[in-house]
Amino acid sequence: MRCFKTIMGLRTYLAQHRGSQSIGFVPTMGALHSGHGSLIQRAVAETNLVVVSIFVNPLQFGPQEDLAKYPRNLEADAQLAESWGASVIFAPDPLEMGIQDENTGRSLPKTLVIPPPELTVGLCAAFRPGHFSGVATIVTQLLQIVQPHIAYFGEKDAQQLAIIRRLVQDLNLPVEIKGCPTLRERSGLALSSRNQYLSDTEKIEATNLYRSLNAAKNLFQTGIGDRGSLLKTVTEQLSQTPNLKLQYADLVDPQSLQPLEKIETSGLLAIATYLGETRLIDNLLLRHRQPIIAIDGPAGAGKSTVTRQVADQLGLIYLDTGAMYRGIAFLVKEAQINPTDEASVAELVGQVQIELIARPAPQLTGVKVNGRDVSEAIRTPEVTALVSAIAAQKAVREVLVNNQQML
Ligand code: AMP
């Protein structure tokens with residue numbers, strides 16, 4: 001494993017290895033634990049070269065917060081990261097990141113990334129002014145330095161994850177953001193570098209965070225999804241541990257982070273508490289979720305027939321993704337675009353409006369592209385011959401997968 005402290009060193013190394021390698025990136029503040037390990041191991045499984053950054057970011061700490069005492073141990077972190085399969089550690093200091101003056105050691109003013117206000121009024125942001133702008137600024141800088149294909153963030157920091165997804169979207173950063181589930185101790189306590197501050201007794205008391213979230217989840221599973229009932233359950237359960245001082249408990253939309261009065265499809269239940277001097281956060285995603293069943297196989301194997309029957313019997317929506325790819329293949333043919341000219345195909349797919357039309361059996365799923373019903377035209381042998389090559393293109397997949405997720 002290689003360890004770099006300078007942007008120059010890291011960039012030179014990555015330039016030598018970028019080529020056909022996919023780069024995964026896990027930004028951290030160090031004091032690594034198995035929660036970080038789960039992100040790193042996922043990155044190792046999904047990409048060829050994994051960079052882990054270790055930077056205790058001064059911009060995200062308030063004046064009264066624990067910047068000075070935040071645990072730091074680069075050597076132990078490097079060993080752990082290596083054991084999880086990381087290829088590179090990037091551990092710059094504040095000078096290298098351009099936020100400290102070389103001569104005076106004072107903080108330097110810096111170009112800041114300010115997330116949209118609606119994402120930074122509630123939850124932790126209400127109590128940590130400037131925190132998320134500090135996070136967004138350094139994460140943007142790190143993404144620019146590493147230029148990974150995929151970057152991994154924990155769902156434990158749900159507000160941070162929502163803000164980073166939004167900044168990547170708003171600034172068109174060429175990276176995919178993946179959220180990873182919160183890793184917990186057996187007791188339910190979410191792993192966190194700050195757990196090092198807790199005594200053994202406090203560690204037991206802290207398990208009540210997760211218990212309170214679960215109490216609300218149990219209520220939700222009985223069909224009660226309104227804000228008042230869920231938050232009351234959380235706060236009542238938390239009050240069983242007098243040393244846990246609640247800072248906030250909230251129910252918000254997981255993407256927009258706007259307060260929810262009632263969970264229609266999904267809601268993020270988030271809490272922050274103090275235990276002594278230590279601030280602890282946790283959250284749970286509550287959702288009504290229909291199962292998703294994917295059926296794949298070679299062309300002509302009968303996927304559509306089987307899928308439709310399964311959907312009918314289970315009362316699920318039948319989503320014929322193949323019909324969408326056929327819709328794009330049809331447009332490529334009609335516009336006489338060379339199917340190997342990926343840029344032109346991407347330009348076309350970047351502007352397309354595509355809709356599926358449910359039709360009774362034995363008819364196959366219909367499609368509207370740009371408002372036109374092309375249900376019959378997409379089933380011709382010419383389109384069938386073209387569709388695999390079109391579906392393999394990154395831009396086509398990106399746009400259509402996005403579209404399918406919206407459905
Ligand atoms: P930090 O070092 O606290 O900035 O965390 C670095 C990354 O690890 C962030 O994306 C966190 O959300 C993630 N992370 C921290 N704790 C956990 C955990 N218990 N499970 C999963 N991811 C975590």
Side-chain angles (χ1 to χ4, degrees), residues 22-47 49-57 59-61 70 77 80-81 84-86 88-92 97 113 115-116 119-120 122-125 128 131-184 190-195 252-257 266 268-270 272 280-285 402 405:
S22 60
I23 297 179
F25 178 42
V26 182
T28 81
M29 297 209 299
L32 298 187
H33 50 68
S34 315
H36 298 114
S38 67
L39 271 57
I40 295 171
Q41 285 170 318
R42 177 153 173 212
V44 167
E46 295 181 354
T47 61
L49 190 160
V50 173
V51 179
V52 176
S53 67
I54 296 181
F55 180 60
V56 183
N57 169 19
L59 298 184
Q60 69 184 68
F61 286 78
Y70 197 85
D77 284 346
L80 276 172
W84 290 319
V88 176
I89 290 275
F90 178 50
M97 292 296 278
V113 176
L119 295 181
T120 53
L123 307 180
C124 293
R128 305 187 73 187
H131 170 76
F132 287 109
S133 150
V135 171
T137 299
I138 292 300
V139 169
T140 305
Q141 187 178 2
L142 288 170
L143 290 173
Q144 287 300 107
I145 293 169
V146 178
Q147 302 194 358
H149 296 88
I150 310 179
Y152 298 82
F153 292 85
E155 289 168 357
K156 165 154 185 293
D157 298 283
Q159 187 168 22
Q160 168 175 285
L161 178 57
I163 286 172
I164 286 163
R165 285 193 194 285
R166 179 71 184 269
L167 91 80
V168 162
Q169 185 188 334
D170 284 358
L171 303 181
N172 300 102
L173 301 185
V175 60
E176 183 181 352
I177 300 299
K178 290 202 176 178
C180 306
T182 301
L183 206 78
R184 300 174 181 281
L191 294 179
S192 162
S193 305
R194 290 191 168 99
N195 292 355
V252 298
D253 176 88
Q255 274 94 44
S256 71
L257 304 183
S266 62
L268 179 75
L269 192 57
L280 299 170
I281 59 169
D282 205 346
N283 67 75
L284 262 191
L285 190 63
N402 204 359
Q405 283 170 349

Could you give the distance from CZ (Arg128) to CD1 (Ile281), rounded to the nearest 0.5 Å? 8.0 Å
Give every residue pair that meets the salt bridge (Lys or Arg N to Asp or Glu O under 4.0 Å) criterion with at least one member in residues 169-181, sequence neighbours excluded. Glu46-Lys178, Arg166-Asp170
When rounded to the nearest 0.5 angstrom, what is the spacing between CD1 in Ile54 and CG in Asp77? 4.0 Å
In Å and rounded to the nearest 0.5 Å, what is the CD1 to CG distance from Ile40 to Leu32? 5.5 Å
Measure from the side-chain N and O atoms of Thr47 to the backbone N and O of Ile23, and report whether any donor-acceptor pair falls under 3.5 Å. no
Identify the two heavy atoms, one from Asp282 and one from Ala190, that lie closest to each other, and give their separation to 0.1 Å. OD2-CB, 4.1 Å
Any chance you could lay out the side-chain contact (heavy atoms from CB on, under 4.5 Å) test for Trp84 and Val50, step after step, and finish with the verdict? CA-CA 10 Å; Trp84 290 319; Val50 173; over 6 Å; no
Closest contact, heavy atoms only, Leu191 versus Gly35: CD1-N, 3.5 Å
Heavy-atom closest pair (Ile89 atom, Ala81 atom, distance to 0.1 Å) is CD1-CB, 3.6 Å
Which value, rounded to the nearest 0.5 Å, describes the distance between His33 atom NE2 and Ser193 atom OG? 4.0 Å
Could you tell me which non-hydrogen atom of Pro92 sits nearest to which non-hydrogen atom of Phe55, and how far apart they are? O-CD1, 3.4 Å
Check residues 153-161 and write down every donor-acceptor pair under 3.5 Å in which the side-chain atom is one partner and the other belongs to a residue at least two apart or another chain.
from	atom 1	to	atom 2	distance (Å)
Gln159	OE1	Cys124	N	3.0
Gln159	OE1	Ala125	N	3.4
Gln159	NE2	Leu119	O	2.9
Gln159	NE2	Gly122	O	3.1

